[in-house]
K.L.:
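Structure incoming, see below.
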Amino acid sequence: MRERRESMTQVTRRAAIQAAAAAAVTAAAGPARAAAPFFKLYMMIPNNQPSRMIWGTLAAQQMTRIGIDVTSSFVPFSVISPRRSRGDGKPHVEGGWDCYLERYYYNAIKPTPNTLFHSRLMPPGGQNFYYVNDPQFDAALDVVSNTLDDAKRLQAYKDFQRRWIETEPMTILFYPEDVIAVNPKLKGFDATTFNPVFFPRPERWTIEGAGNNATAAFASWAPPSSLIPMYTTGYHESNIFGPAYDTLYEYEDWATKKLVPGLATGHTVSADGKTWVITLRQGVKWHSGEEFTAADVKFTWDVILNRAYGSALQAGLRSVLGGEEAYRVTGKHEITVTLPDYNMLFLDWVLGCMAIMPEHAYKDIRPEALRGHTASTWLGTYTVRTSDGRSVAARGGIGTGPWIPQGYDPSRKAYRFARNPNYWKPHRGNVTTFLIVNIQGTDSVLSALKDGSIDAHDPMYDIGPLAKTIDPSWGRVQTFDSFKWQHICYNLKHPVFGTGVDTPLGKQDPSRAAEAAAYIRKAISHAMPREQIVKEIADGYGRPGTVPMPFSAPEYDRDALKPIAYDLDLARQYMEKAGYKY
């Protein structure tokens, strides 16, 4: 994408955001009360959402009002991730982290708190980077995963949420609404992105007046770290690899959020929920022309479970399957799985979210070389050999999906795709060439939409506060329930607000250290002006938060969950319970 100078319109947009921030700070100020800092906390604020930078600054200011010395910094997530992912729980001053801001989602539409909050999935093998380690959570999450009784599962979801409110391992600030502006001539854009199961689906798009061979472009904020699906579920990766690959089951659409057959045509399951026989779709071809078979499914699960590959999905998949002995090929287009215990994640996550990878194209790439291979970077070409002796030049990943990677175009900072003419489902629209363009900055993405360089963008640009500045002649504003939340997450191995061993109460009575840490987190929670953040900074696009459960999900406990009060006096009372004196 060519360089753009900042226009007067961009300055006006930025001024609008700054004005909203000023209003929010004024609304949230409350009665002032000076206090010497009790401890120091380092907050990392991702620099890829303007409004989050504002409410993150506000959150830091509010912490100082209850006696916490906060040093905040605006950094890309590439700085946050290695600190968070070290796996040793060190605090910020020792190279780890204290707290950072995050917009999060589960890896499936069905809420799966297990993947983030079960103690078995703490680093280095799992994605519980926060070190949540609570027996009551574990007990509830085991029932969520392992019961066949829907009523028991719903009660376990409620038990999880109620325990969350007691301890608040994170501060859930609000449930954002996704606001996306699209080319007014674009039809068929009917879903937000939700990793890794919803991503740009240009096979459904029609650009009016563009004939039968339209080109469409979609903006995604950050460059990807890897385009091999098992290495990440981040937006900026799955926006790109998503259109190239398929899953065994897929979601019909954003409105119904219903799982339907994909590369699988169906399955049978035993009465105890453990034995699954999955029938696969026949006649599907990889982009190389090789036939898709059950061997590809086995290969995908094999490499994810193989620690040598370092897959981000390894611990989660092992917790569901137990190990490689759980599955076997029982026919060219059939695979049989015997789970150690019934686990809802098998259908909703393993079958519904994990992209299937090609054995013939990837099996000879060494584990240590796969991340940097052209299949992952889309830089250059490589040769794929098929079982019938052909050699095929590939310029990116090999999938069964509706779009064939055509490599990276450095002149546009874009990943290029061509329509797959042999896709197993018909294309609905007129787009035949598709681009994912890396554009950084909300002002820049709206300028690109206005000048026709892109047709849509992902929700990470957070354009809600600027929606009123978009002229309908060049941008149609669409809103979607994001099914996500924005939160302050904490390193729960931190000796003050994590384990509590360095709090006054924890030092006085070590048996109450965890209790003291929970008091501090609840104090921070009550210091957050959620209503003002949603109204003044998010421009009304969202709802105040409570727990890490999508507000609109059927599993959200509406009977028990009430708004968390913004109350600085109550916040200080919780700090005093932890042993601090004003």
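Along the sequence shown, the residues carry numbers beginning at 1. Atoms considered below: every heavy atom in the structure, side chains included; atoms not considered: hydrogens, waters and symmetry mates.
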K.L.:
Side chains of Asp142 and His118: is there a donor and an acceptor less than 3.5 Å apart?
P.N.:
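On atom types as modelled, these side chains qualify, holding a pair under 3.5 Å.
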K.L.:
Side chains of Tyr408 and Asn438: any donor to acceptor distance under 3.5 Å?
P.N.:
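Result is no, nothing qualifies.
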K.L.:
Between CD1 of Ile180 and NE2 of His457, what distance do you get to the nearest 0.5 Å?
P.N.:
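Going from the CD1 atom of Ile180 to the NE2 atom of His457 covers 6.0 Å.
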K.L.:
Please check if the side chain of Tyr106 supplies one atom and the backbone of Pro550 the other of a donor-acceptor pair under 3.5 Å.
P.N.:
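Not at all, since once roles are kept as given, no pair shorter than 3.5 Å links the two residues.
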K.L.:
How close do Tyr157 and Met344 get, counting heavy atoms only, and between which atoms?
P.N.:
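So the minimum-distance heavy-atom pair works out to OH-CE, 3.8 Å.
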K.L.:
Apply ring pair (Phe, Tyr, Trp, His ring centres under 6.0 Å) to Phe218 and list each qualifying residue two or more places apart in sequence or on a separate chain.
P.N.:
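Here no residue qualifies.
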K.L.:
Mind checking what makes salt bridge (Lys or Arg N to Asp or Glu O under 4.0 Å) contact with Asp272, not counting sequence neighbours?
P.N.:
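Checked Asp272 against salt bridge (Lys or Arg N to Asp or Glu O under 4.0 Å); zero matches.
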K.L.:
Can a donor-acceptor pair be found, under 3.5 Å and without considering hydrogens, that links the side chain of Ser447 to the backbone of Asp443?
P.N.:
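It does hold such a pair.
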K.L.:
Answer yes or no on whether Arg201 is positioned over the face of Phe199, meaning its NZ or CZ is under 6.0 Å from the six-membered ring centre and within 45° of the axis.
P.N.:
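Yes, cation above the ring, under 6.0 Å and within 45°.
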K.L.:
Between the side chains of Tyr100 and Arg84, is a donor N or O closer than 3.5 angstrom to an acceptor N or O?
P.N.:
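Tyr100 vs Arg84: donor-acceptor pair found between side chains.
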K.L.:
Does either side chain, that of Thr115 or that of Asn107, offer a donor lying less than 3.5 Å from an acceptor on the other one?
P.N.:
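No donor-acceptor contact under 3.5 Å links the two side chains.
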K.L.:
For the residue pair Gln440 and Pro223, establish whether any side-chain heavy-atom pair is separated by less than 4.5 Å.
P.N.:
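Contact flag for Gln440/Pro223 side chains = yes.
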K.L.:
Determine the minimum heavy-atom distance between Ala326 and Leu321, stating which atoms define it.
P.N.:
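Looks like CB-O, 3.2 Å.
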K.L.:
Restricting to non-hydrogen atoms, name the atom on Pro200 and the atom on Ile436 that form the minimum distance, rounded to 0.1 Å.
P.N.:
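Answer, listing the atom of Pro200 first, then Ile436: CG-CD1, 4.0 Å.
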K.L.:
Any luck finding a side-chain donor-acceptor pair between Glu290 and Ser387 under 3.5 Å?
P.N.:
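Result is yes, a qualifying pair exists.
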K.L.:
Given the rule in the salt bridge (Lys or Arg N to Asp or Glu O under 4.0 Å) test, do Glu203 and Lys425 qualify, once you have shown the distances and angles that lead to the verdict?
P.N.:
CA-CA 10 Å; Glu203 66 274 14; Lys425 282 195 296 186; over 6 Å; no
K.L.:
Please determine whether side-chain hydrogen bond (donor to acceptor under 3.5 Å, both in side chains) holds for the pair Asn114 and Thr112, giving the CA-CA distance in whole Å, both sets of side-chain angles, and the decisive distance to 0.1 Å.
P.N.:
CA-CA 5 Å; Asn114 320 59; Thr112 54; 5.7 Å; no
K.L.:
Which heavy-atom pair separates Ala216 from Ile207 by the least distance, and what is that distance?
P.N.:
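Shortest heavy-atom separation between Ala216 and Ile207 comes out as CB-CD1, 3.9 Å.
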K.L.:
Should Asn239 and Asp458 be marked as a side-chain hydrogen bond (donor to acceptor under 3.5 Å, both in side chains) after you check the CA-CA gap, both sets of side-chain angles, and the distance that decides it?
P.N.:
CA-CA 8 Å; Asn239 278 339; Asp458 75 20; 3.0 Å; yes
K.L.:
Under a 3.5 Å threshold, yes or no: a donor from one side chain and an acceptor from the other, between Thr233 and Ser238?
P.N.:
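Absent: no donor and acceptor within the cut-off.
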K.L.:
Taking all heavy atoms of Tyr235 and all of Asn195, pick out the closest pair and write down the distance.
P.N.:
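Heavy-atom minimum between the residues: N-ND2, 2.6 Å.
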K.L.:
Minimum heavy-atom separation for Arg86 to Gly96, with atom names?
P.N.:
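In this case the closest contact between Arg86 and Gly96 is NH1-N, 3.9 Å.
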K.L.:
Quick check: does any side chain N or O of Asp302 sit under 3.5 Å from a backbone N or O of Glu324, one acting as donor and the other as acceptor?
P.N.:
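No, the answer is negative, given that no donor and acceptor are paired below the 3.5 Å cut-off.
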K.L.:
Could you tell me the separation between the OG1 atom of Thr400 and the CZ atom of Arg281, rounded to the nearest 0.5 Å?
P.N.:
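Reported to 0.5 Å precision, the distance equals 10.0 Å.
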K.L.:
Walk me through whether Glu555 and Lys110 qualify under salt bridge (Lys or Arg N to Asp or Glu O under 4.0 Å).
P.N.:
CA-CA 9 Å; Glu555 295 80 8; Lys110 188 77 170 178; 3.0 Å; yes
K.L.:
Which of these, Asp190, Val182, Thr192, sits in a side chain to side chain contact (heavy atoms under 4.5 Å, CB included) with Gln478?
P.N.:
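Running side chain to side chain contact (heavy atoms under 4.5 Å, CB included) over Asp190, Val182, Thr192 with Gln478 returns exactly one hit, Val182.
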K.L.:
Would you find a donor on one side and an acceptor on the other, under 3.5 Å apart, between the side chain of Thr275 and the backbone of Ser270?
P.N.:
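Answer holds: no.
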K.L.:
Compute the ring centroids of Trp205 and Phe434, then answer whether they are less than 6.0 Å apart.
P.N.:
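Yes: the rings meet the under 6.0 Å criterion.
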K.L.:
Between Glu237 and Ser225, do the side chains contain a donor N or O and an acceptor N or O under 3.5 Å apart?
P.N.:
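There is such a pair (donor and acceptor under 3.5 Å, judged by atom type) between the side chains of Ser225 and Glu237.
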K.L.:
Between Tyr415 and Trp403, does the ring centre distance come in under 6.0 Å?
P.N.:
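No; Trp403 has its ring centre 6.0 Å or more from that of Tyr415.
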